[in-house]
Each structure stands twice: as structure tokens, then as C-alpha cells.
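This report concerns only the one structure given below.
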Amino acid sequence: MKHLLRRRFTTMTAVDAIDLSIEPGEALAYVGPNGAGKSTTIKLLTGIVEPTGGEVRVGGIVPHRDRQANARQIGVLFGQRTQLWWDLPVRESLALLRDMYDISPTDYQRQLDRFDEVLDLGALLPVVTRKLSLGQRMRADLACALLHQPKIVYLDEPTIGLDIAVKDRVRDFLRQLRAEGTTIMLTTHDLADIEGTCERIVIIDDGKIIYDGGLAEVKDRYARERRVHLQLGTPITAADLAARFPAAAVTPGEAHGEFTISFDKSLLTAGAVLTGVAQLAEVVEVRIDEPAIEDVVRRVYAGELNITPGPADAAGAHPPSASPTSAHPAGTHAASARAAYAAGAADARAAGVPGAEDVTGAAGDVDPAEEASR
Amino acid sequence: MTAALLRDLRLYRRCLGAVIRGIMEYVADFWILIGAGIVTQSLGLVFLGVVFAKVPTLAGWTFPEMVLIYSLFGIVAGVLPIFADGIWNLGRLIHEGRFDYLLTRPYSPLLQVLSRSMGFNGVGDTLASLAMFGWAVAHVDVAWTPGTVLVGLVLLASAIALRLALLVIGNSAAFWVRSPFVFAITVLRVGELGRYPIGIYGLGIRLLLTTALPFAFTAFYPAAWLLGRGGQAWLGLGTPLVAALAWLAALKIFNLGLRRYESSGH
């Protein structure tokens, strides 16, 4: 009996005491390792699942209670799954969605023109879904998610499996949406997706928010290291350089005359380094590495950093009252009573816990084949 | 209210239309499915013929009367795949996580599921069953009046609605169990018993087919009313009521399932 209860308890934890509000027009990056609860949060916000505790509100609507009303104000993309009709040309899928969302012919045409411009959708319209490449499918799915000009857009891994060219295209499009004032919640493993789109980042791990604040601030506070890579034309040793910059670390590169100088940007600037080096040697080539947010998040994942939000983030910046979107599901603790009779549900919910990632991947992969076989 | 209903219907027609266009991509499949439907129904008729070559009546029912019940069942069961075959996708949609998208659209998830696919074998089933029904009607003793025709049509529509409700219930098991087909197909197998006069079964099965899984109302009771036969002929007139109750139960169960739906994926 004890064993059973314990098992249920762990199985049910998908998100636990997530407290999150999003301002209108805000672009939020929602990142975390596999199974951290990212998709579960999106499913709560879209009304796909009902919170077992706490409450969720989107634009004044309780999503799971009023799914259809909520559907009109949101756009959703699950990058691992398509919502296109498998045997139909893209144009037909879009036309079906047009009818479901009661989009007027003028608005519809305007949106198609726009998607053609930014996503090169025109070429895909006559193509049957099953013949689309992954990148083409994702572009078409983006069009599906945004066709009805939703105020709030949830994008779960919108660049997963895409090649660089398509990724860039998707990112450009996200920036454009952002500029137009669409509220965006972006879940991704590829942190290049969020730079330039999101100014706020929420890091979630094990069903809990471990950081919520400005993206620039995270980089400022936790990614202060800069690296200047130099190719020098004058013979000089690493020790000579190190002596010139006591606050920096100097490592010689693979080739002769190559050096990397790493320093804390609060102690030194790239400009000062370059000026200093120029006094010692002829500088042939320079490359400066900005820290990538990947590094920060990787360190958070690895447990190296324990970031806590600054008081400004917690109180001032995001007052829950003014938010169109907020989720306060208190996952398991409130749910334990329910779990006692909801054993069947435990399986489905299991996908929300760490380690269940492969299940999702597999489901996404078999999707087309299964759909085709029907 | 009416506007919403019209919108639902229009969207349903649009979804089905799109599915048909998708299927038409494979013209060969289309004809094979229709052919398969006709063959299946004809085989059933051959079986009945073999039985009646040995015995003149079965539990008091003559061969044409049996064909009438049998073909009425065939029509009811054949019409459904044409416009509501999508219900059989529910389990797969749920377990592959594709049901998620349906919940993010401003259109009833149940109607989206129902209109998601089409079984052209139903066309064959229906055509073959109609032919049998026509033959049976010509060989049984029914006093046709405009009233009989009207009530008959209402009973037919009710029987179709009833069968669909039972299929919705059977497939809704997907919200609770991992292998929903076992349940839905069991329901369907029980339903097959409704092809024959229920007098040939024991009390337990008769009760089952009349109450818990009232498949007897999808063919036997309406046919018995039409033929004015058996002590329970009047029961056939209860078909619309049974259908309404079954739909109440189906919607309740489907919505309960929706509430406990937890989605797959992380």
C-alpha cells in the first residue's frame, strides 16, 4: 500500500506550484531540461489539461472550463506534432481552420499573403501534408497556429529538427510577431530561438520555476565572461600577455600566435584588452565571443548555479493582477486525494516527469505513419 | 442556439468533405472499400439462406422477416461509417497526443473526432442492405400507410443515433484505458447479436440487448414494430427515447473523459 501511494505521488508530479503571470505583449522564453514541466504548463494554459490544484486564467477565461472561447484568443504550436490534415493539401487544412475560427475571406487572404511573404507559404499550399519535409511542415503549422491572429501564442519547440535556414526564417517571424505586440510564450531547447525575441526568461526544473527575470539580466549577472580570440603577427608568449592583464586568463591557441583572453566584463572591457594587446604586438585578427544563454542555462541545469529572482522581478515587474495569462497550478500536493482514485490517469501524467521524454519523441515520430494508415 | 447548431453542421460537412477529398486521392481504395462492404453483407445473407434451407422458421420468424431485421441492422450499421467513422480514431488520437490540437480549436472536440474520417465500406454495406431490405419488404406482410412510413423513418433515424451513441460510449473508454479498442470492439460484438430476433437468446442476453447495451433497438424492436409481431412490438416505438437516453449517457461519459484527459507527451 505504501509502495502504491508513493508511486502515484511521484508519477503525478508534472508541475508543482508554478506561479507565473505574463503581461500583454510580453515575449516569454520558457526553458528547462526534458520533462521539467514545460509542455505541461502549456497544456494547462491552453486548457488541454485541467489543473489538479490551483487555478489558471488566460485573458479572464479559465481555459479548461471554457476551451472554445479560449481557443479563439490563443494560437498553439506543438513542434513535435502537426495539426495539418494528413491526406490534404496545406491549402485545405488552412481553409478548414478558417471556417472553424470564422475568419472572413478578406482577413484570410491577408494572412495567406503575409505567410507567403515571411514563410514562403505559397509554394506549400498545393502540397499534401504527407509530402512535406519537416521544415515545410513546421512553416505550414506555424501558419495554422497564427491564422486567426491570436492575441496569445504558445510555441512548444517551434524549431525542433529544422535546418539552419528554416530556423532563421522562423526566428525572424517570431521577432516580427513580437514587434506587433503578440503575447508569446516560447518553449525551446535551442536558446538561439529566444535571443532577439524574448526579453524575459523563465527557467523551470522538476516542475518548479527556478528563475524568472530579464534575459539581459541573466546574462549580466551570470554570464559575465567574455572571450577575445586573437591572431597576433608579432612573436609573443602567453606569459607576456598575462602579465599585461592580471585580471584575465590567457591561453595559447593551437596555431602559433593564437591566444584566447578570458575576463570578467565587469573588470575589463574588450576595448581595453585590444588597446593593451596592440601596444605589445601587431593584431592580425580578432574575434569576440558573447556568452550564449545556453551556457548559463546549462550551468543551471547542471546545478552549478543557484539563481534566485531579484526582488524587482518578483514584485514590481509582473503584477499578477494585470496579467492576461497566469497559471497557479499546485500540481501534486492538492491532487493527492484525487490520485487515490485516478490510477488510470497516472500513466498519461507520467509523461510529465523526467525520463519520459522518449515517449513524446516516439509519438511524434509515428504520427504521420499512423495517420496515413487510417 | 439555432445559429450555433447551423455552424456546427456546416463545419461538420466541411470536415467530412475534406476527408472525402483526401480519400479520393486513392480512387482504387474507394472502390475496393465499397466492394468489400457489398461482399460482407452478401455473405451474411448466404449464411441466413443456409440456415433457412434447413428450418422454415427461426423462433417463429420467417426467412423474409429475418432478412428484414438483418438488412435493417445493415442499413443502420452501414450509414454510420459514411458520416461518423471518426469515432474509431478517438483512441489513437488520445494515445498519440494528437487529441491536444482538437482541444485548442473553437469547435466541439466530439464533432471534430466524429468527422475526422469516413468509411467507404459503409456505402457498400448500405447499398447491399437496402437491396435486401427492398426484397424483404416485398415479401413480408406490412400494411404500408403514410403513417407507417413516417414512423418507420423516425425509428430508422433513432436507431442510427442510438448505435452512434453506443459507439461513442465504447470508444470513450480510451480516456481511461490504454487499449480502447478491446472495449469498443466488445461493445460492437455484442451489438452483432442485435441482427437476429432476440427471442432466440436466453433471458440474460435479451436483457443485456434491451437495457445496458440496447442494440436490440437498433434493428430488432423497430422491425418487430413494423411487422406488428411478437409480444413486444410496441417496444419498437420506444427507440427514440432509448436513443435520447443513450446520447445523454454518451455525452456524459465523453465529457467525463475530457475532464480527466491528461494528454500524452511531456
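Chain letters run A, B, ... following the sequence lines, proteins first, then strands; residues in each count from 1. Side-chain atoms are counted along with the backbone in the values below, which use heavy atoms only and exclude waters and symmetry mates.
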- Task: To the nearest 0.5 Å, tell me how far His148(A) NE2 sits from Arg105(B) CZ.
- Result: 10.5 Å
- Item | Partner of Tyr101(B) by ring pair (Phe, Tyr, Trp, His ring centres under 6.0 Å), out of Phe78(A), Tyr154(A), Trp85(A) | Phe78(A)
- Between Ile42(A) and chain B, which part of the residue has a heavy atom less than 4.5 Å away: side chain, backbone, both or neither? neither
- Interface moiety of Leu88(A) toward chain B, non-hydrogen atoms closer than 4.5 Å: side chain
- Of all pairs that satisfy salt bridge (Lys or Arg N to Asp or Glu O under 4.0 Å), the ones with a partner from residues 64-79 of chain A, not counting sequence neighbours: Arg72(A)-Asp102(A)
- Per the side-chain contact (heavy atoms from CB on, under 4.5 Å) rule, which among Leu102(B), Thr104(B), Leu258(B) passes with Ile48(A)? Thr104(B)
Identify all side-chain donor-acceptor contacts of residues 77-88 of chain B below 3.5 Å with residues at least two apart in sequence or on another chain.
none

- For chain B, the option from Glu92(A), Gln83(A), His64(A) that forms the most heavy-atom pairs under 4.5 Å: Gln83(A)
- Task: Give, as side chain, backbone, both or neither, the part of Ala145(A) having an atom under 4.5 angstrom from any heavy atom of chain B.
- Result: neither
- Note on the structure: Checked Leu97(A), Leu96(A), Val128(A) vs chain B; the most non-hydrogen pairs under 4.5 Å come from Leu96(A)
- When rounded to the nearest 0.5 angstrom, what distance separates OH in Tyr261(B) from NZ in Lys43(A)? 6.5 Å
- Item | From Arg7(B) atom CZ to Met100(A) atom CE, the distance as rounded to the nearest 0.5 Å | 8.5 Å
- Pick from Cys15(B), Pro106(B), Pro109(B) with the largest number of heavy-atom pairs that fall under 4.5 Å of chain A: Pro106(B)
- First locate atom OG1 of Thr82(A), then atom CZ of Arg98(B), and finally report the distance between them rounded to the nearest 0.5 Å. 10.0 Å
